[in-house]
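Before any comments, here is the structure.
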Amino acid sequence: MNKLSSLALCVMLAACSEAPVASNAAQEAPASVQPQGSGKPVIYQMFTRLFGNKVDSQVPWGTLAQNGVGKFADINDAALASIKALGVNYLWYTGIPEHAQVTDYSAYGIAADDPDVVKGRAGSPYAVKDYYNVDPDLATHPAKRLAEFEALIARTHAHGMKVIIDIVPNHVARRYHSSVYPERDFGRNDDTRVVYKRDNNFYYVPGQAFKVPKGDKPLGGLPHPLADGQFAENPAKWTGNGSRSPQPALDDWYETVKINYGVRPDGSYDFPQLPAGFENKDYRAHAAFWQGKSVPDSWVKYKDIALYWLDKGVDGFRYDVAEMVPVEFWSYLNSAIKMHKADTLLMAEVYNPAQYRDYIRLGKMDYLYDKVETYDSLKAIIQGKEGTQALADILVRNQDIAAHQLHFLENHDEQRIASPEFAGDPVKAIPAMAVSALMDDGATMVYFGQALGEPGARDAGFGKASRTTIFDYWDVPSVQRWMNGGAFDGGQLSAKEKALRGFYQKLLNLSRSQGAFGGASQALAQSDDKLFAFARWQGSQQVLVATNFAASAKEGQVAVPKALIEKWKLADGQYALNDLLGSNSGTLVVSKGEGQWHYQLGAYGAAAFELKLQ
């Protein structure tokens, strides 16, 4: 972190040494920003395999024995208390279902996986090979791994947070097999003589055997008895990203096979269609529509998977590449889930803005990734490639679906903010994080290590620098410093890391504090494209949020529209403004029914000014 950025952060938070830090003791955010209820979802994405790892070897392509791995047991009460204090009410445990990987667990009845069709040594969590069990890497006693995860669910609930896990409907590992319910295996009853049949779970290339991709050697060329450039699959199946070649390319999702949802090879549908007007009906009407309908076998299998995990105590699902699966399936699955457990949180990775409304209204999703619009614009603004007007346009354009958007600045697919490839300094993202968390009623997500400024440095093997690897056994240095040997008290963090985490804690708790942040939102016009301001209000609380994306201090002068002044019932006069995020100064003057808001922000600053009515 450079000198300017360090100073800006310390000024914003009053003093680095006094910033809130996680500890085993009571860790409440300041009383003025404590949630009055559960508030909107604030989701903490934890890459579970890496989270609790205490080993710091960082050997590229290293084995579990060399580089270590985090366990369910490492997510102890101290960890959960500290995460909750950050302002979190949902924990997304990423990488839970058992997936293909190279470590030998044959002693526990788990078939060895072939490194020729595994990415990395630890494997991708998105190449699931048993949806009814969990990753043995995560268990202290692999034979009891499911019970250990159930205990973690119970611990999480005891700390007042809910649990989300992944479901990956578009694809599974090339060799899927459940040790718990083998009779429910994908492909078990497929007719492999044909490319397509409605109740086949996979698509096939009849008469041709699978060939591994040409190019890089598995495990970086390190020896392994199964790494021979061969993998037995005959006939070949279509690859997860839709490749129909019996020999996918290296940039294909070659470790996975695509699930058939009753979409014929020509793109036409082989299942019932939702009637016109169903975008306006609730999940109960959708569930009623599917009663008695004949649907593809894969639909039923995924419904059974979801209900199985709900009965285990899971509270929500994150759906991978949801737009690669027809929206009618989501209507079928999500309505069944909501009928089983109405408060289940359903969030999905959908990258095409033109399809957002269909997946919300027809697919019955609660939240969709706001990647292509808000995330991409915030990243471009941080990097100086775009001005803040883009944010105002997004706020207007998506007003009707704002409450269904999931905002984030990091996740397992994206570059770390502190990496040189993104911002190079986590402080530069402070205004972006304030926008992301406060701009509307949508959910907020933070990635583990984000609040500490984790840079995702070094190549792990298959995983490369700037993104914390999801493929390898590895560690996350900033998280280890916060973890402090299992105390989770931030005892090894630097003053700058403590200050950054303090900002996140104050911001996330504020975002869930109801009041104005559970109400309406309106962007306010500014001439400086390094500044972005907006209003939030509900009931008797009005808040003016200002952000400065510049590397120098800025003064903002904003006209507050007459219509908003009337809506807030503000009489002429001067109004004191109290910054809920720090100690920034500002005033609002109303004259003849029109408002002039003046504020000052430091470099990379953010403020949330609450109006103090006279």
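These numbers come from a predicted model, not from an experiment. In what follows, every heavy atom counts, from backbone to side chain, and hydrogens, waters and symmetry copies are set aside.
- Note: Ile401 CD1 to Asp370 CG = 7.5 Å, rounded to the nearest 0.5 Å.
- Residues Leu138 and Glu148 are not in side-chain contact: their nearest non-hydrogen atoms beyond the backbone lie 4.5 Å or more apart.
- Taking the side chain as every heavy atom from C-beta outward, Thr140 and Phe72 never approach each other to under 4.5 Å.
- Between Asp113 and the choices Arg175, Lys119, Lys129, the salt bridge (charged side-chain N to carboxylate O under 4.0 Å, His left out) rule is met once, by Lys129.
- Using a 4.0 Å cut-off between charged side-chain N and carboxylate O, Arg188 and Asp190 make no salt bridge.
- Ser178 has its side chain within reach of Asp185: a pair of non-hydrogen atoms, C-beta onward, lies under 4.5 Å apart.
- Taking the charged nitrogens against the carboxylate oxygens, Asp472 and Arg121 have no contact shorter than 4.0 Å, which rules out a salt bridge.
- Evaluated for a side-chain hydrogen bond (donor to acceptor under 3.5 Å, both in side chains) with Tyr196, the options Asp191, Asp270, Asp266 yield exactly one hit, Asp270.
- Ring pair Tyr261/Trp299 is tilted by interplanar angle, where 30° to 60° counts as tilted.
- In this pair, Phe51 and Phe448 present their aromatic rings tilted. The plane angle is within the 30 to 60° band.
- Under the ring pair (Phe, Tyr, Trp, His ring centres under 6.0 Å) criterion, Tyr176 pairs with Phe186, sequence neighbours left out.
- For the pair Asp282 and Lys338, the salt-bridge criterion is not met [side-chain N within less than 4.0 Å of a carboxylate O].
- When side chains are defined from C-beta on, Arg244 does not count as touching Val195, because their heavy atoms never get closer than 4.5 Å.
- Ring geometry, Tyr93 versus Phe149: the interplanar angle exceeds 60°, so the pair is classed perpendicular (tilted spans 30 to 60°).
- For residues 97-122, no residue pair satisfies the ring pair (Phe, Tyr, Trp, His ring centres under 6.0 Å) rule, not counting sequence neighbours.
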Let me check something: any side-chain donor-acceptor pairs from residues 209-231 under 3.5 Å, sequence neighbours excluded? List them with distances.
residue, atom, partner, partner atom, Å
His224, ND1, Leu226, N, 3.0
Asp228, OD1, Gln230, N, 2.9

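- The aromatic ring centres of Tyr131 and Tyr302 sit less than 6.0 Å apart.
- For the atom pair Met483 CE and Ser478 OG, the distance stands at 10.0 Å (nearest 0.5 Å).
- Using a cut-off of 4.0 Å between Lys/Arg side-chain N and Asp/Glu carboxylate O, Glu98 and Arg145 are scored as salt-bridged.
- Side-chain atoms of Asn170 and Lys258 form a donor-acceptor pair, as typed in the model, at a separation below 3.5 Å.
- Atom CG of Asn200 is separated from atom CD1 of Ile259 by 11.0 Å, given to the nearest 0.5 angstrom.
- To the nearest 0.5 Å, atoms CZ (Phe488) and CH2 (Trp482) are separated by 5.5 Å.
- A side-chain donor-acceptor contact under 3.5 Å links Thr468 and Arg416.
- Within the 4.5 Å cutoff, the side chain of Ser298 has no heavy atoms near those of the Phe329 side chain.
- Asp104 and Ser106 share a donor-acceptor pair across their side chains, judged by distance under 3.5 Å alone.
- A pairwise comparison of heavy atoms in Ser57 and Asp475 identifies N-OD2, 3.9 Å as the closest pair.
- Counting only heavy atoms from C-beta outward, the side chains of Val55 and Tyr473 never approach each other to under 4.5 Å.
- In this structure, Tyr504 and Gln450 have side chains that are in contact, with non-hydrogen atoms separated by less than 4.5 Å.
- Cation-pi contact between Lys197 and Tyr204: absent, since separation from the ring centre below 6.0 Å together with deviation from the ring axis within 45° is not met.
- Between Tyr126 and His412, the angle of the ring planes stays under 30°, which puts this pair in the parallel group of the 30/60° scheme.
- Here the closest non-hydrogen pair linking Ala465 and Ala457 is CB-C, 4.1 Å.
- No more than 12 heavy-atom neighbours from other residues, nucleotides or ligands sit within 6.0 angstrom of NZ on Lys144.
- Cation-pi geometry between Lys371 and Phe408 is not satisfied (NZ or CZ under 6.0 Å from the ring centre, within 45° of the ring normal).
- With a 6.0 Å cutoff to the six-membered ring centre and a 45° limit on the axis angle, Arg49 does not count as a cation-pi contact of Phe471.
- Atoms CG and CD, from Leu406 and Glu349 in turn, are 10.5 Å apart once rounded to the nearest 0.5 Å.
- Residue Trp253 comes nearest to Gly240 through the heavy atom pair CE3-C, 3.6 Å, listed as atom of the first residue, atom of the second, then distance.
- Under the 30°/60° scheme for interplanar angles, the aromatic rings of Tyr332 and Trp290 are found to stand perpendicular.
- You'll find the side chain of Val263 reaches within 4.5 Å of the side chain of Tyr203, heavy atoms only.
- No close placement of the Trp309 and Phe317 rings is indicated, their centers lying 6.0 Å or farther apart.
- The pair Arg174-Asp114 fails the salt-bridge criterion, with no side-chain N (NZ, NE, NH1 or NH2) lying under 4.0 Å from an Asp/Glu carboxylate O.
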